[in-house]
Amino acid sequence: MEARSKRSLHQLVHTLHKALGDAIDGAPPVLRVDGYYRLNVEAGVGVDVACFDILARAGEQQARSGNFAAAAAARAQAVRLYRGDLCAGLGAHAVTERQRVRTLYLTLLTRLAEYHYSGGDYGECLNAAQQLLASDPYREDAHRMVMRCHIRRGEWAQALRQYQLCEAMLRAEFDVEPESATMALFNQMRLDPGSV
């Protein structure tokens with residue numbers, strides 16, 4: 001059994017080298033060092049979750065240092081790496097890691113939306129907020145951001161439709177009304193859209 005497992009591992013490493021070798025100038029994607037296999041990070045081979053985490057941390061560091069444009073760039077790169085929830089495993093560790101990565105993704109989208117909104121780039125803000133809603137359609141903060149962007153772009157009908165969509169989804173799924181902040185924004189949009 002052990003011999004078969006070693007052969008399978010060796011075959012897998014060989015297949016990876018054939019598949020990835022040209023992309024990394026012939027370097028082996030997997031190295032055997034001291035009897036253990038590891039990814040050849042020196043050749044540029046990595047794990048997308050690790051890269052995602054590195055970019056997210058870089059975004060936070062840039063934001064703390066006041067370089068908000070660089071923070072947004074790092075966060076946008078991290079968001080582009082995210083391809084959906086991790087699928088590997090059903091154990092407690094896998095579930096916890098899947099939720100951690102998903103939560104970080106949603107946080108990055110929120111910060112990107114806020115950055116673009118504060119800079120007056122309502123189109124990019126809408127993109128980030130709509131991505132956020134695609135992943136978590138019940139996030140009222142994202143619905144409010146979409147509503148504000150539409151108002152700032154002079155798209156009053158779309159802003160009102162967004163409120164109606166939010167209200168209908170919450171009622172259908174949870175049988176609740178929107179948060180008071182969402183209702184207040186709706187009333188502000190109706191009564192004094194220029195103040196939004």
Side-chain angles (χ1 to χ4, degrees), residues 48-49 51-86 95-196:
D48 56 356
V49 173
C51 293
F52 175 80
D53 285 336
I54 289 167
L55 288 165
R57 279 193 303 273
E60 288 308 305
Q61 289 169 347
Q62 292 291 347
R64 278 194 300 274
S65 69
N67 191 345
F68 300 111
R75 290 169 175 157
Q77 275 187 281
V79 162
R80 283 191 295 274
L81 281 178
Y82 188 84
R83 299 277 187 247
D85 290 345
L86 294 173
V95 171
T96 302
E97 181 64 3
R98 184 170 34 251
Q99 188 59 36
R100 181 194 70 79
V101 173
R102 184 175 200 282
T103 299
L104 181 54
Y105 170 71
L106 297 175
T107 299
L108 292 170
L109 283 173
T110 300
R111 294 206 172 118
L112 278 172
E114 291 166 350
Y115 169 78
H116 290 302
Y117 186 83
S118 69
D121 190 344
Y122 306 119
E124 284 301 314
C125 179
L126 271 173
N127 287 338
Q130 288 167 339
Q131 278 183 279
L132 185 58
L133 287 172
S135 290
D136 190 354
Y138 306 106
R139 294 259 321 231
E140 287 192 58
D141 60 335
H143 283 283
R144 290 190 297 269
M145 185 65 79
V146 169
M147 291 160 59
R148 284 189 194 98
C149 285
H150 283 308
I151 288 292
R152 291 287 176 100
R153 291 167 48 133
E155 302 164 348
W156 291 275
Q158 289 92 326
L160 294 173
R161 274 197 288 280
Q162 189 68 39
Y163 175 80
Q164 290 169 338
L165 172 67
C166 175
E167 182 182 43
M169 289 174 61
L170 292 170
R171 209 173 286 290
E173 186 66 24
F174 305 111
D175 195 26
V176 296
E177 291 186 347
E179 297 171 353
S180 58
T182 306
M183 289 192 284
L185 177 59
F186 171 69
N187 288 323
Q188 185 180 2
M189 287 186 328
R190 284 185 320 112
L191 302 173
D192 188 11
S195 68
V196 174

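Numbering starts at 1 and runs along the sequence shown.
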What one should report as the nearest heavy-atom pair of Leu126 and Cys149 is CG-CB, 3.6 Å

Knowing that exactly one of His150, His116, Arg152 qualifies, which makes a side chain to side chain donor-acceptor pair (under 3.5 Å) with Tyr122? Arg152

Quick one: SG on Cys166 to CZ on Arg171, what's the gap to the nearest 0.5 Å? 10.5 Å

Indicate every side-chain donor-acceptor pair of residues 187-196 with a distance under 3.5 Å to a residue at least two apart or in another chain.
residue: Asn187; atom: OD1; partner: Arg190; partner atom: NH2; Å: 2.9
residue: Asn187; atom: ND2; partner: Met183; partner atom: O; Å: 3.3
residue: Gln188; atom: NE2; partner: Ser195; partner atom: O; Å: 3.1
residue: Gln188; atom: NE2; partner: Ser195; partner atom: OG; Å: 2.9
residue: Asp192; atom: OD2; partner: Ser195; partner atom: OG; Å: 3.4
residue: Ser195; atom: OG; partner: Asp192; partner atom: O; Å: 2.7

When the ring planes of Phe52 and Tyr105 are compared, do they come out parallel, tilted or perpendicular, using 30° and 60° as the limits? tilted

Starting at CD of Glu124, measure out to CG of Leu112 and round the result to the nearest 0.5 Å. 9.0 Å

What closest approach, in Å, do Ala56 and Ala78 show between heavy atoms, and which atom pair accounts for it? N-CB, 4.2 Å

Mind checking salt bridge (Lys or Arg N to Asp or Glu O under 4.0 Å) for Arg153 and listing every partner two or more places apart, or none if nothing turns up? Glu155

Student check: side-chain heavy atoms of Leu132 and Met145 closer than 4.5 Å: no

What I'd like to find out is whether the side chain of Arg100 reaches to under 4.5 Å of the side chain of Thr103, using heavy atoms alone. no

Would you mind reporting whether Val101 and Glu97 have side-chain heavy atoms less than 4.5 Å apart? yes

Quick check for you: to the nearest 0.5 Å, what is the distance between Leu104 atom CG and Arg75 atom CZ? 10.0 Å

Salt bridge or not for Arg111 and Glu114, using N-O below 4.0 Å? no

Listed by chain and number, what are the salt bridge (Lys or Arg N to Asp or Glu O under 4.0 Å) partners of Arg148, not counting sequence neighbours? none

Taking ring pair (Phe, Tyr, Trp, His ring centres under 6.0 Å) as the cut-off, I'd like each qualifying pair that reaches into residues 174-196, sequence neighbours left out, listed once. Tyr138-Phe174, Tyr163-Phe186

Do Ile151 and Gln162 make a side-chain contact, defined as non-hydrogen atoms from C-beta onward lying under 4.5 Å apart? no

Using salt bridge (Lys or Arg N to Asp or Glu O under 4.0 Å) as the criterion, list what pairs up with Asp121, not counting sequence neighbours. none

Minimal non-hydrogen separation, Ala71 against Gly59, with atom names: CB-O, 3.2 Å

Verify, without hydrogens or angle tests, whether His143 (side chain) and Pro137 (backbone) share a donor-acceptor contact under 3.5 angstrom. yes

Supply the atom-to-atom distance Glu140 CD to Met147 CE, rounded to the nearest 0.5 angstrom. 9.5 Å

Gap separating the CD atom of Gln131 from the CG atom of Leu106, nearest 0.5 angstrom: 10.5 Å

Distance col, row Leu165:CG vs Leu160:CG, nearest 0.5 angstrom, shows 12.5 Å

For Tyr115, which residues count as a ring-ring contact (aromatic ring centres under 6.0 Å, His included) partner, sequence neighbours excluded? none

